[in-house]
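Quick note: residue numbers are just sequence positions, from 1.
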Amino acid sequence: MSKQKILTVDDNEEIRNIIKILLESEGYEVIEAPDGETALSLVDNSIDLIILDIMMPGKSGLDVCKIIREKYQMPILFLTAKGTDSDKSLGLLIGGDDYLAKPFSHAELTARVKSLLRRYYVYKGKEAPVDDNLIFFDIFKVAKDRNEVFTTDSKGNEVQLDLSELEYQIFKLLISSPGRIFPAQLIYETIWNEPYLYSSNATIMVHIRNLRTKIEEDPSNPRHLLTVWGKGYKLQ
C-alpha cells in the first residue's frame with residue numbers, strides 16, 4: 001500500500017526538517033518546497049495534504065493557496081508564527097482547511113494531519129490506508145484493540161481519557177460516523193443490548209453528561225458531543 005504524500009512548504013529549512021522527521025516517523029511520505037513557486041511546480045493529484053507557511057518571501061502562502069484552489073482540493077494546513085484570529089480567518093476564507101501556529105508539538109501536528117486526511121478521504125471518496133484498530137476524528141483517537149480514547153490538549157500533547165467502559169462504547173459508536181445523529185433508542189439498544197423504554201433516556205443522558213465532562217473543554221458549552229433536540233446525539 002502506497003504511503004500518503006504530504007508537501008510541506010516553508011522558507012525555514014529547520015522547520016521543514018522538523019516536519020519531515022515527525023511525519024516520516026508516522027509513516028507518511030514527505031516532499032519539501034522552500035518557496036511558493038517551487039511548491040506550485042510540485043503540486044499534482046498525488047499530493048494528499050499540503051502544510052503551507054503563510055509568511056514567505058515572494059509568493060505568500062495565501063497567494064499559493066488561492067492558485068492551488070483553482071485546480072486542486074487536497075486539504076491545506078496553514079502554518080505560521082502568527083496566532084491572531086484575523087490571520088486564521090483570512091487563511092480559512094481563501095481556501096485553507098486548518099491552522100497551526102508555531103511553535104507546535106509532535107502530537108498537535110500529527111493530530112491535525114490525521115484529522116484532515118481522514119476528512120479528505122471520507123468526503124472525497126478516496127481509498128485511504130487504514131489501521132483497523134485505530135479511529136481518528138478531529139482531536140480524538142480511539143484504539144479499538146485496547147478500548148482506549150486519546151485527545152490532544154491545549155498544549156498539543158496526546159492525553160488518554162479516563163472513560164468508563166460504557167462511556168467508551170458510546171464514544172466509539174458516535175465516532176464511527178461523525179456528524180450522524182444517533183437516536184437515543186439506537187444508542188441504548190446497541191450499547192446496553194436491551195429493549196429501549198422511555199425511562200432508558202434518563203440513563204443515556206447521565207452517561208452523555210459524564211462523557212462531556214471528560215472530552216469537552218467546557219462541558220456546559222460543548223463543541224464536539226452535541227444534543228440534537230428531539231432527534232438524538234452526534235459527534236462533530
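Distance alone, capped at 3.5 Å, is enough to place a donor-acceptor pair between the R112 side chain and the Y99 backbone. Of the possible polar contacts, one joining the D97 side chain to the I76 backbone as a donor-acceptor pair under 3.5 Å is found. For R212 (side chain) and I215 (main-chain N/O), no donor-acceptor pair under 3.5 Å exists by modelled atom type. At least one donor-acceptor pair closer than 3.5 Å links the side chain of E216 to the backbone N or O of L225.
In this structure, OG1 in T190 is found 4.0 Å from CG in L186, a value given to the nearest 0.5 Å. A distance of 11.0 Å separates CG of D63 from CD1 of I54, quoted to the nearest 0.5 Å.
Considering I68, I6, I31 as possible partners of I47, the one that fulfils the side-chain contact (heavy atoms from CB on, under 4.5 Å) test is I31.
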* To do: Would you sort out whether L77 and L116 count as a side chain to side chain contact (heavy atoms under 4.5 Å, CB included), showing the intermediate values?
  => CA-CA 8 Å; L77 172 63; L116 287 172; 3.8 Å; yes

* Asked: Can you list the steps and then say if R223 with D138 is a salt bridge (Lys or Arg N to Asp or Glu O under 4.0 Å)?
  -> CA-CA 11 Å; R223 294 179 54 246; D138 201 73; 5.5 Å; no

* To do: Under the side chain to side chain contact (heavy atoms under 4.5 Å, CB included) rule, what do L163 and I170 come out as? Steps first, then yes or no, please.
  => CA-CA 10 Å; L163 304 186; I170 292 171; over 6 Å; no

* To do: For side chain to side chain contact (heavy atoms under 4.5 Å, CB included), just list the numbers for K234 and V228, CA-CA rounded to whole Å, side-chain angles, deciding distance to a tenth of an Å, and then say yes or no.
  => CA-CA 7 Å; K234 70 176 181 177; V228 183; 4.1 Å; yes

* Could you walk me through whether N201 and Y196 pass the side chain to side chain contact (heavy atoms under 4.5 Å, CB included) check? -> CA-CA 8 Å; N201 194 52; Y196 175 82; 3.6 Å; yes

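Side-chain contact check for F182 versus L235: every heavy-atom pair is 4.5 Å or farther apart. At least one side-chain heavy atom of L79 sits less than 4.5 Å from a side-chain heavy atom of I19. The shortest side-chain heavy-atom distance between V142 and Y168 falls under the 4.5 Å cut-off. I51 has its side chain within reach of L23: a pair of non-hydrogen atoms, C-beta onward, lies under 4.5 Å apart. At least one side-chain heavy atom of Q169 sits under 4.5 Å from a side-chain heavy atom of N147. The shortest side-chain heavy-atom distance between F104 and L22 falls under the 4.5 Å cut-off. When side chains are defined from C-beta on, T110 does not count as touching T152, because their heavy atoms never get closer than 4.5 Å.
For the side-chain hydrogen bond (donor to acceptor under 3.5 Å, both in side chains) test, residues two or more places apart in sequence or in another chain that qualify with K214 are E167. Residues meeting the ring-ring contact (aromatic ring centres under 6.0 Å, His included) test with F140, sequence neighbours left out: F171, H224.
Annotation for E13: atom CD does not count as buried by contact number, only 12 or fewer foreign heavy atoms lying within 6.0 Å. The 12-atom threshold is not exceeded at CD of E14, counting heavy atoms of other residues, nucleotides or ligands nearer than 6.0 Å.
Side chain to side chain, N210 and T213 fail the donor-acceptor criterion of an N or O pair below 3.5 Å.
Note on residues 21-37: pairs passing side chain to side chain donor-acceptor pair (under 3.5 Å), not counting sequence neighbours, are R16-E32, K20-E24, E26-H106, E26-K114, D35-T38, E37-K59.
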